[in-house]
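Here is the structure we will look at, set down as structure tokens.
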Amino acid sequence: MKIFYMTSEASPFIKTGGLADVSGSLPKEFKKKGHDISVVLPLYGQIPSSYKEQMEFLGYYYVDLDWRRQYAGVFKLIYQGVKFYFIDNEFYFKRQSIYGQGDDGERFIFYSKACVQLLRFLDEAPDMVNANDWHTGLVPLYIKDFARGDDFYSKIKTAYTIHNIKYQGIFPSEIMPLTGLSMDYYHDNGIKYYDAINMMQAGIVYCDLLTTVSKTYAQEITYPYFGEGLDNIIRNNQHKLVGIINGIDYDKYDPEKDPEIPYNYSKEDPSNKVNNKTYIQELYNLPVREDVPMLAMVTRLVDLKGIDLLDFVLGELMQEDIQLVILGTGDSRYEEKLRFYQRSFPNKLAARIYFDESQSHKVYAGADLYLMPSIAEPCGISQLISMRYGTVPIVRETGGLKDTVQAYNKYTKEGTGFSFSNINAHELLFTIKDALKVYKNKEDFGKIMYAAMDKDFSWDASCDEYIENYKKVLNNRI
């Protein structure tokens with residue numbers, strides 16, 4: 001199968017969140033299974049020069065945006081066996097940040113259209129184009145629109161993946177002329193969203209296959225609470241909606257071989273894990289104690305990650321004999337609160353208000369318990385990584401967290417983590433206390449650790465699901 005994967009970020013070239021992890025690791029699995037996979041992303045100014053120096057310039061074409069003709073250069077790089085194409089336009093992509101610019105609407109209209117024109121430029125008509133999140137939401141629509149006047153596009157099928165429905169690409173209707181699309185598409189079951197255009201909505205409506213990143217999230221987004229105003233559109237297109245859980249890169253996240261952690265270990269012999277804990281204690285100026293349970297979060301500090309729940313009970317939690325390590329950045333109000341708590345409890349809380357990839361591996365390896373009390377979580381990657389490293393997750397039962405973490409049963413001693421169901425701060429606190437009780441029983445806690453590490457969250461099974469659903473579309477069974 002020939003597949004083009006259109007995305008706005010991909011690890012290791014450029015990353016702001018989970019989309020980059022998926023875009024960097026899922027295509028490798030397609031390649032491993034024998035498919036011809038190409039990934040397309042913008043040539044941002046932030047991409048390290050070490051990668052840019054290896055790129056091959058293939059040529060250029062022009063993209064029409066209303067009365068303007070914008071340059072689109074094409075660069076190619078084969079990385080870990082996967083073909084990556086980079087769309088170059090310095091006016092749009094050489095910016096201080098990759099998102100949050102005043103003309104984001106225009107930038108990603110250009111990018112979506114350039115992605116579709118790239119296929120013509122390369123003279124490659126794939127079986128399937130998989131677009132991702134709002135940044136490439138117009139890709140399925142452009143392919144259908146181009147097919148009306150160019151037979152080259154007529155057999156190309158499209159998949160559209162929602163990684164987070166909260167961010168939809170909503171822009172004033174005044175930019176509709178920039179798209180070059182007919183106003184026939186500007187209606188409530190098309191690109192129109194109230195008096196604006198909605199790029200994610202366009203992706204949902206005009207794709208042939210709609211996927212999201214966990215089975216529970218696929219159900220949740222059909223309801224108003226989780227649907228962020230698109231639940232009605234989702235329900236109208238539910239016949240083509242599939243939830244496929246994300247995986248993680250098992251080469252990158254492997255406690256047995258990970259070069260980023262000081263002491264390697266395995267599920268068969270986890271004895272070195274405690275040495276990673278004392279390493280973190282020294283690194284973050286916490287008292288060095290092997291016996292104290294260490295809780296951790298590697299997260300964006302935003303409301304959806306459940307930081308408010310933690311804030312509400314943090315004073316009580318600090319009365320327990322624990323250490324808490326938090327690594328990440330986000331909303332300034334949360335950053336300031338965590339700095340305050342660190343000043344108040346310097347021997348118990350280490351808040352590191354920055355992100356460091358290497359340190360994140362060390363935290364996953366060193367902690368005993370991992371906190372993820374998310375209000376909503378499409379899939380979640382952190383809990384998958386933490387289980388891989390034998391760091392037992394404590395999660396709220398939502399989205400992919402519900403699908404991937406099996407709650408501990410104190411009677412059968414089975415489970416891979418701890419969970420609570422309601423958006424309630426004390427329910428979080430009581431679940432943490434339950435986990436701390438089990439932690440004191442080394443035999444029972446060791447069983448949970450082993451069960452968590454024994455789970456397979458590689459991309460193997462998930463990639464098979466993508467292929468199976470692609471085939472259904474190609475055989476007109478969706």
The criterion is ring pair (Phe, Tyr, Trp, His ring centres under 6.0 Å); which residues satisfy it with [X], sequence neighbours excluded?
X	value
His361	Tyr253
Phe420	none
Tyr61	Phe121

Side chain to side chain contact (heavy atoms under 4.5 Å, CB included) with [X]: which residues, sequence neighbours excluded?
X	result
Ala435	Leu369, Ile394, Phe418
Arg300	Tyr167, Val302, Lys305
Asp184	Ser182
Lys94	Glu90

Pair up each side-chain donor or acceptor in residues 76-88 with any protein partner under 3.5 Å, not counting sequence neighbours, and list the distances.
unit_1: Gln80; atom_1: OE1; unit_2: Lys28; atom_2: NZ; d: 3.0
unit_1: Lys83; atom_1: NZ; unit_2: Asp36; atom_2: OD1; d: 2.9

> Testing Tyr44, Tyr99, Phe110, Phe93 for ring-ring contact (aromatic ring centres under 6.0 Å, His included) with His135, which one passes?
Replying inline: Tyr99
>> Listing request: all side-chain hydrogen bond (donor to acceptor under 3.5 Å, both in side chains) pairs with a residue in residues 204-227, at least two apart in sequence or in separate chains.
In response: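 Residue pairs with at least one partner in residues 204-227: Lys144-Asp208, Thr158-Asp208, Thr161-Thr211, Lys215-Glu465, Thr216-Asp403, Glu220-Thr398.
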>> Tell me every residue that passes side-chain hydrogen bond (donor to acceptor under 3.5 Å, both in side chains) with Glu106, counting only those two or more places apart in sequence or in another chain.
In response: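 By the side-chain hydrogen bond (donor to acceptor under 3.5 Å, both in side chains) rule, Glu106 matches Arg68, Tyr92.
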>> Run the salt bridge (charged side-chain N to carboxylate O under 4.0 Å, His left out) test against Asp251 and tell me which residues pass, sequence neighbours left out.
In response: none
> Looking at residues at least two apart in the chain, or sitting in another chain, which of them share a salt bridge (charged side-chain N to carboxylate O under 4.0 Å, His left out) with Lys267?
Replying inline: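 Checked Lys267 against salt bridge (charged side-chain N to carboxylate O under 4.0 Å, His left out); matches are Asp454.
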>> Taking the ring of Trp134 and the ring of Tyr160, is the distance between their centroids below 6.0 Å?
In response: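 Not under 6.0 Å, so no.
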> Are side-chain N/O atoms of Ser458 and Asp456 paired as donor and acceptor at under 3.5 Å?
Replying inline: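 Distance-only check passes for Ser458 and Asp456.
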>> Looking only at side-chain N and O atoms, does Ser419 offer a donor or acceptor that is under 3.5 Å from a partner on Glu397?
In response: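 On atom types as modelled, these side chains qualify, holding a pair under 3.5 Å.
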> Taking the six-membered ring of Phe355, is NZ or CZ of Arg352 closer than 6.0 Å to its centre and within 45° of its axis?
Replying inline: no
>> A cation-pi test, strictly: NZ or CZ of Arg120 under 6.0 Å from the centre of the six-membered ring of Phe152 and no more than 45 degrees from its axis. Yes or no?
In response: yes
>> One pair to check against salt bridge (Lys or Arg N to Asp or Glu O under 4.0 Å): Asp249 and Arg388. What are the steps and the verdict?
In response: CA-CA 11 Å; Asp249 187 333; Arg388 176 79 163 144; over 6 Å; no
>> Within this structure, what is the CG-CD distance for the pair Asp464 and Glu29, rounded to the nearest 0.5 Å?
In response: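 Between Asp464 CG and Glu29 CD, I get 7.5 Å after rounding to 0.5 Å.
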>> Once rounded to the nearest 0.5 Å, what's the spacing between atom OG of Ser173 and atom CD1 of Ile191?
In response: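 Rounded to the nearest 0.5 Å, the OG-CD1 separation comes to 10.5 Å.
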> Quick one: are Tyr193 and Leu230 in side-chain contact, heavy atoms under 4.5 Å?
Replying inline: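 Of all side-chain heavy-atom pairs linking Leu230 with Tyr193, at least one is under 4.5 Å.
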> Is any side-chain heavy atom of Ser8 less than 4.5 Å from a side-chain heavy atom of Ile98?
Replying inline: no
> Angle class for the Phe57/Tyr60 ring planes (parallel below 30°, perpendicular above 60°, tilted otherwise)?
Replying inline: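 Rings of Phe57 and Tyr60: parallel, as their planes differ by under 30°.
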> Checking Thr7 side chain against Glu9 main chain: does a donor-acceptor pair fall under 3.5 Å?
Replying inline: yes
>> Show, in sequence, the C-alpha distance, side-chain angles and deciding distance for Glu335 and Thr329, and conclude whether the side-chain hydrogen bond (donor to acceptor under 3.5 Å, both in side chains) test is met.
In response: CA-CA 7 Å; Glu335 293 182 352; Thr329 63; 4.8 Å; no
>> By the definition side chain to side chain contact (heavy atoms under 4.5 Å, CB included), identify the one residue from Leu122, Val139, Asp127 that meets it with Phe4.
In response: Leu122
